[in-house]
Amino acid sequence: MRMKVLLASSEVYPFSKTGGLADMVGALAQALAKAGQDVRVVTPLYQGIKKKYPDLRKVDWKFNLPMELNWIHAELWELNLARGLKVYFVDHPDFFDRAGIYQEASVSYADNAERFIFFAKCVVHLARYLPWRPDVVHVHDWQTALVPALILQQRSEGWGNPPPTCLTIHNLAYQGVFPAEAFALTNLPETYFTTESCEFFGLLNCLKGGIAHADFITTVSPRYAREITTEEFGCGLDGMLRERESKLIGILNGVDYAEWNTTQNPHLFKPYSASRLAGKKVNKLELQKLVGLPVTDAVPLFGTISRLAEQKGIDIQLGALAEMLNTKMQFVVLGSGAPEYERGYRDLARQFPGKVAVRFGYDEALAHQIEAGCDFFLMPSRFEPCGLNQLYSLRYGTIPIVRATGGLDDSVLDWTQNAKAATGIKFSEYTSRSLAKAIRKALVLFNQPKLLRVCQINAMKMDFSWEQTVEHYLEVYRKRVEPS
Ligand code: ADP
Ligand code: GLC
């Protein structure tokens with residue numbers, strides 16, 4: 001059966017992105033369309049999108065939706081992509097025409113509750129009133145997590161047969177928690193402001209509302225699905241997740257190999273593949289030149305591309321590098337986020353001149369160049385729902401060094417797990433010392449070119465393509481659309 005799927009997200013690649021959420025939703029939409037499904041996406045019209053996509057067309061449709069006692073007005077734009085895929089953009093200049101998506105200069109916008117509650121209401125309005133009736137509404141993270149509750153409420157207000165909802169949790173650490181007063185903006189009855197619903201210790205918790213009311217809950221790796229039902233990883237919501245465990249499933253993200261590949265990639269200095277690995281060396285030497293490191297293939301080059309946030313294990317990385325950079329190695333980082341972590345990397349660069357290159361800000365091309373040019377990729381996350389960069393590293397033949405958590409554990413195979421099929425290096429304990437030990441293993445591997453090559457080839461052959469992943473989502477949608 002061809003399904004009509006409405007995806008809603010606050011970020012969608014290539015229109016907007018702060019992290020993997022955008023990559024995932026953009027790729028899922030494409031993959032569903034490729035699999036023959038009828039897919040539409042809805043997302044905010046952020047600054048610059050109209051200019052970058054001149055084919056955007058205004059839709060003859062206006063939102064006028066209640067927010068507490070006010071009526072808020074917005075407009076709608078659409079863009080038609082290949083395979084019938086349509087993207088809707090909600091246009092409200094005050095809310096969305098800003099320099100950032102959620103924040104500026106590391107400070108969250110004060111009206112984020114209003115911005116995204118309004119966006120969630122627009123999603124529900126589209127789902128209800130578009131002539132195209134979705135069979136399922138699939139929402140992502142806290143920004144759209146109120147959609148299931150809003151739909152449920154509209155059912156009791158006369159929406160005959162509303163579509164089932166699926167919530168994907170990309171990161172349980174971000175829940176959209178706001179002061180209790182923000183609940184009024186939802187215009188939901190007080191019965192939704194209870195501990196079984198959106199209330200969390202007297203505050204409004206958008207993600208909790210989604211967990212309580214979505215028909216299905218998915219998260220982005222099987223291990224993370226198990227982890228979040230424990231107190232250690234549950235961020236206060238483990239109890240509710242345990243209650244809804246029969247509706248919770250972990251599906252590992254796929255990779256958009258049309259974007260992230262080494263053979264046809266405009267960002268790379270030279271194409272390469274598992275059977276023609278020589279080109280990888282050219283990428284390494286060019287990357288070293290680009291970021292100002294001594295140009296040599298004889299020294300192993302480690303890299304990181306990351307949001308600089310606590311989740312990503314930056315503290316243990318700085319500790320491990322301070323110890324290991326005394327040996328023969330180089331390190332390059334591309335990141336943006338917490339100023340204290342930027343300072344940490346800058347200090348490291350000062351301490352080890354000629355060994356460390358730092359680049360702060362957001363740079364898509366450099367992200368590809370680092371993935372291609374490095375020998376090893378460091379991802380020592382404290383927790384990681386899925387993680388995409390280790391998946392990109394695998395395809396780029398850049399050996400990932402990861403902490404065994406969440407999607408990192410599900411996607412990388414260590415020597416001790418399977419010596420013949422190993423694709424990377426894993427460590428468990430969340431300490432600088434453990435990571436330093438893993439880096440030491442990488443240095444040993446670097447000095448055994450034959451073994452390194454086996455590992456690289458194993459890595460490059462791993463297949464995380466969306467064709468497989470999308471089937472799992474379809475199974476979830478079908479369960480609800482066609483009750484057995
Ligand atoms: P998360 O979503 O938790 O940040 P993921 O590994 O799932 O982590 O996805 C991160 C995505 O963001 C990847 O596509 C990565 O290349 C990209 N990214 C992160 N920081 C930067 C940056 N400073 N410049 C360019 N791309 C970045
Ligand atoms: C979140 C998670 C990351 C995941 C991404 C896409 O940002 O932190 O682990 O890969 O979402 O699902």
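Counting starts at 1 for both ligands and their atoms, in listed order.
- Taking the six-membered ring wherever Trp is involved, the centroid distance between the rings of W142 and F178 falls below 6.0 Å.
- Rounding to the nearest 0.5 angstrom, the gap separating the OG atom in S106 from the CG atom in L308 is 9.5 Å.
- Summary of contacts: the protein heavy atom closest to atom 26 (N) of ligand 1 is Y362 CE1, 3.3 Å.
- Proximity of M24 to ligand 1, defined as any heavy-atom pair under 4.0 Å, is not found for any part of the residue.
- In this structure, atom 24 (N) of ligand 1 lies nearest to the protein heavy atom D363 N, 3.1 Å.
- For H138 and Y477, the gap between ring centers is short of 6.0 Å.
- Counting only residues at least two apart or on different chains, the side chain to side chain donor-acceptor pair (under 3.5 Å) pairs with a member in residues 226-237 are R223-E227, E227-T405.
- Each of the following atoms of ligand 1 lies closer than 4.0 Å to a heavy atom of G387: 6 (O), 7 (O).
- Scanning for side chain to side chain donor-acceptor pair (under 3.5 Å) contacts around K247 gives an empty result, with sequence neighbours left out.
- Considering both main-chain and side-chain atoms, G20 comes within under 3.5 Å of ligand 1 through a nitrogen or oxygen pair.
- Among protein heavy atoms, atom 6 (O) of ligand 1 sits closest to L388 N, 2.8 Å.
- With ligand atoms numbered from 1 in the order given, ligand 1 contributes 23 (N) to contacts under 4.0 Å with heavy atoms of G335.
- Taking the six-membered ring for Trp and the full ring otherwise, Y102 and Y109 have centroids separated by 6.0 Å or more.
- Around ligand 2, the residues contributing at least one heavy atom under 4.0 Å from the ligand are G20, L21, H170, N171, V220, N253, R307, Q311, E384, P385, C386, G387, L388.
- We find the CD1-NZ distance between I249 and K479 to be 5.5 Å, quoted to the nearest 0.5 Å.
- Side chains of W415 and L445 form a contact here, defined as non-hydrogen atoms less than 4.5 Å apart.
- At a 4.0 Å heavy-atom cut-off, ligand 1 touches S306 through the backbone alone.
- Distances shorter than 4.0 angstrom occur between a heavy atom of K17 and an atom of ligand 1.
- Annotation: Y46 is not in aromatic contact with F15 [ring centroid separation under 6.0 Å not met].
- Not a single side chain to side chain donor-acceptor pair (under 3.5 Å) links S428 to another residue, sequence neighbours left out.
- Each of the atoms 6 (O), 10 (C), 13 (C), 15 (C), 16 (O) of ligand 1 lies under 4.0 Å from some heavy atom of N389.
- Between the T304 side chain and the L378 main chain, a donor and an acceptor come within less than 3.5 Å of each other.
- Residues F376 and F302 place their aromatic rings such that the two centres sit under 6.0 Å apart.
- Between W260 and ligand 1, no N or O atom pair is found at a separation short of 3.5 Å.
- Looking at K312, Q390, H368 and measuring to atom 8 (O) of ligand 1, the nearest heavy atom belongs to K312.
- Distance from atom 23 (N) of ligand 1 to its nearest protein heavy atom, with residue and atom name: G361 O, 2.8 Å.
- Cation-pi check for R395 over F464 is not met; the charged atom does not lie both under 6.0 angstrom from the ring centroid and within 45 degrees of its normal.
- Looking at I305, L21, D23, L408, it is D23 that brings a heavy atom closest to atom 14 (O) of ligand 1.
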